[in-house]
There are 2 protein chains.
Amino acid sequence: MPDSPPSLDPVQLGAYFDLVEVTSLLRHAVEQQLRETGDLSYVQFQLLARLGDSPTGSHRMTDLADGVVYSRSGLTYQVGLLEKEGLAVRAPSPDDERSITVTITDAGRELLAKVLPGHVEVVSGLLFEPLSRDDAKTLAGLLAPVRDHMRSTPPRSAAPRRRKGGA
Amino acid sequence: MPDSPPSLDPVQLGAYFDLVEVTSLLRHAVEQQLRETGDLSYVQFQLLARLGDSPTGSHRMTDLADGVVYSRSGLTYQVGLLEKEGLAVRAPSPDDERSITVTITDAGRELLAKVLPGHVEVVSGLLFEPLSRDDAKTLAGLLAPVRDHMRSTPPRSAAPRRRKGGA
DNA sequence: TATTGTTATACTCTATAACTATA
DNA sequence: TATAGTTATAGAGTATAACAATA
């Protein structure tokens, strides 16, 4: 028996292409806005946003890595940049001596606040302008299960092998 | 009057986040497959696919740049790589002496054929597994207008300014 | 003068492997 | 031994600016 139908019908193919194209254009626009407004890369913005969202303003390195799909070293690099700019601070975790807790600073929050309106404007104007509220809801309803599926997918051919060695 | 409602409701925000996350994960997986199977970056694959799709197997550099959102120099770099690998060839355009016509080679087509099944498999298994055919159709229906909108958007804050000076 | 493409260059980002330290 | 994080390093990719050639 075939492992899984290795084909995409025209509709799927179109959806896939449009997804790639839309995201690419959106990402481009957003990155430009972030760079111009706050001298932030998208990843740095994501990290700051994630920290800012946390009730404590903190996350462990590992949690951040899990969220942003990065190699640990890449995360170390990016957090290092944030720290150098005074936007975040690293400190040893109290409970687990191995862990590092990253915390957003006031300056980080300020920058986030400075950057957010433009960010929202770009996303709103570029992504949601041609979509009704219902459309947005539909889109969210479609993407959520996809996201869950992707997050819980076994290492088919070449997965992160972050946790629990695969091969 | 306000230029445009600079805000995102929770549903929109969720859709946006999921879009970014889903695409990021998908991109990651696809890039790994392309790298392992054909030693191709995603951009190189896109270029080859675009050339392979063309009836003539050719495109002008400018057309490729328009499609792939790149800087010209970046495109030159990537096409240079393809040419070095014997996957594409560059030749002066007959009609316009300034233009360069890029053409996919047989080796390029072979590599494309070698890489495509795995590519499709990843996309199919990762993106479309949790979606029905109807879902895919709905998704395509939502993304198409967004794509068209993005493609025809005026340089609001910082646009390519490729053709026709904006400011 | 505007467009097409290349080159040189500098920089950002990412991943791999080796390493330290704690659980 | 497994996990958390860092460092060194190497490489890919991207953009900018200056340039050459044709329309």
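The chains referred to below are lettered A, B, ... by the order of the sequence lines, with proteins before strands, and numbering in each begins at 1.
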Below 4.0 Å: OP1/OP2 of D:dG5 and any side-chain N or O of A:Arg98: no

message: Check the phosphate of C:dT3 against B:Arg60, side-chain N and O only, distance under 4.0 Å to OP1 or OP2. Yes or no?
response: no

field: Check: B:Thr37 side chain, B:Val115 main-chain N or O, donor-acceptor pair, under 3.5 Å
entry: no

- request: Answer with base, sugar-phosphate or nothing: what part of the nucleic acid does B:Ser99 contact at a heavy-atom distance below 4.0 Å?
  value: sugar-phosphate

field: Presence of B:Arg72 side-chain N/O under 4.0 Å of C:dT6 phosphate oxygens OP1/OP2
entry: no

message: On the nucleotide C:dT16, are OP1 or OP2 found under 4.0 Å from the side-chain N or O atoms that A:Ser71 carries?
response: no

message: Looking only at side-chain N and O atoms, does A:Arg60 offer a donor or acceptor that is under 3.5 Å from a partner on A:Thr101?
response: no

query: So what does B:Gln44 hit on the nucleic acid, given a heavy-atom distance under 4.0 Å: a base, only sugar-phosphate, or nothing?
result: sugar-phosphate

task: Looking at every strand, decide which applies to B:Ser93 at a 4.0 Å heavy-atom threshold: base, sugar-phosphate, or nothing.
output: nothing

Residue met sooner reading DNA chain C from 5', once A:Glu97 and A:Gly74 are mapped to nucleotides: A:Gly74

message: Let me spell it out: for each of A:His28 and A:Ile100, pick the nucleotide of DNA chain D with the closest heavy atom. Which residue's pick is nearer the 5' end?
response: A:Ile100

task: Spell out, as yes or no, whether a donor-acceptor pair under 3.5 Å connects the side chain of A:Gln12 to the backbone of A:Asp9.
output: yes

message: Using a 4.0 Å cut-off on heavy atoms, which residues in residues 77-86 of chain B reach DNA chain D? List them by number, or say none.
response: B:Tyr77, B:Gln78, B:Leu81

message: Looking at B:Asp53 and B:Arg50, is there a salt bridge between them, counting it only when a charged N and a carboxylate O are closer than 4.0 Å?
response: no

field: Integer-rounded Å distance: C:dG5 C1' and B:Asp66 CG
entry: 14 Å

message: If you compare every side-chain N and O of B:Arg90 against the phosphate oxygens of C:dT6 (OP1, OP2), does one of them come in below 4.0 Å?
response: yes

- request: Rounded off to whole Å, could you give me the CG-to-C1' distance for the A:Asp95 and D:dT3 pair?
  value: 14 Å

- request: Whole angstrom is fine here: how far is it from OH in B:Tyr42 over to C1' in D:dA12?
  value: 18 Å

query: Does the side chain of B:His119 come under 3.5 Å of the side chain of B:Tyr42 through a donor N or O and an acceptor N or O?
result: no

message: Tell me whether the side-chain N/O atoms of B:Ser73 come closer than 4.0 Å to OP1 or OP2 in C:dT7.
response: no

statement: Here the distance between atom P of C:dC13 and atom CG of A:Leu40, to the nearest Å, is 10 Å

task: Using atom CG of A:Asp63 as one end and atom C1' of D:dT3 as the other, report the distance to the nearest whole Å.
output: 13 Å

query: With distance as the sole test, does B:Thr56 use its side chain to make a donor-acceptor pair with the main-chain N or O of B:Ser58 at under 3.5 Å?
result: yes

side-chain N/O B:Ser41 vs D:dG13 OP1/OP2, d < 4.0 Å: yes

query: Is the CG atom of A:Asp106 crowded by more than 12 outside heavy atoms at less than 6.0 Å?
result: no

- prompt: Salt bridge between B:Arg27 and B:Glu31, side-chain N to carboxylate O under 4.0 Å?
  reply: yes

- prompt: Rounded to the nearest Å, what distance is computed from the CG atom of residue B:Leu47 to the P atom of nucleotide D:dG13?
  reply: 11 Å

field: Rounded interatomic separation in angstrom, taking CG from A:Leu75 and P from D:dT7
entry: 13 Å

message: If you compare every side-chain N and O of A:His59 against the phosphate oxygens of D:dA4 (OP1, OP2), does one of them come in below 4.0 Å?
response: no

Spacing of A:Asp39 atom CG relative to C:dC13 atom C1', expressed in whole Å: 15 Å

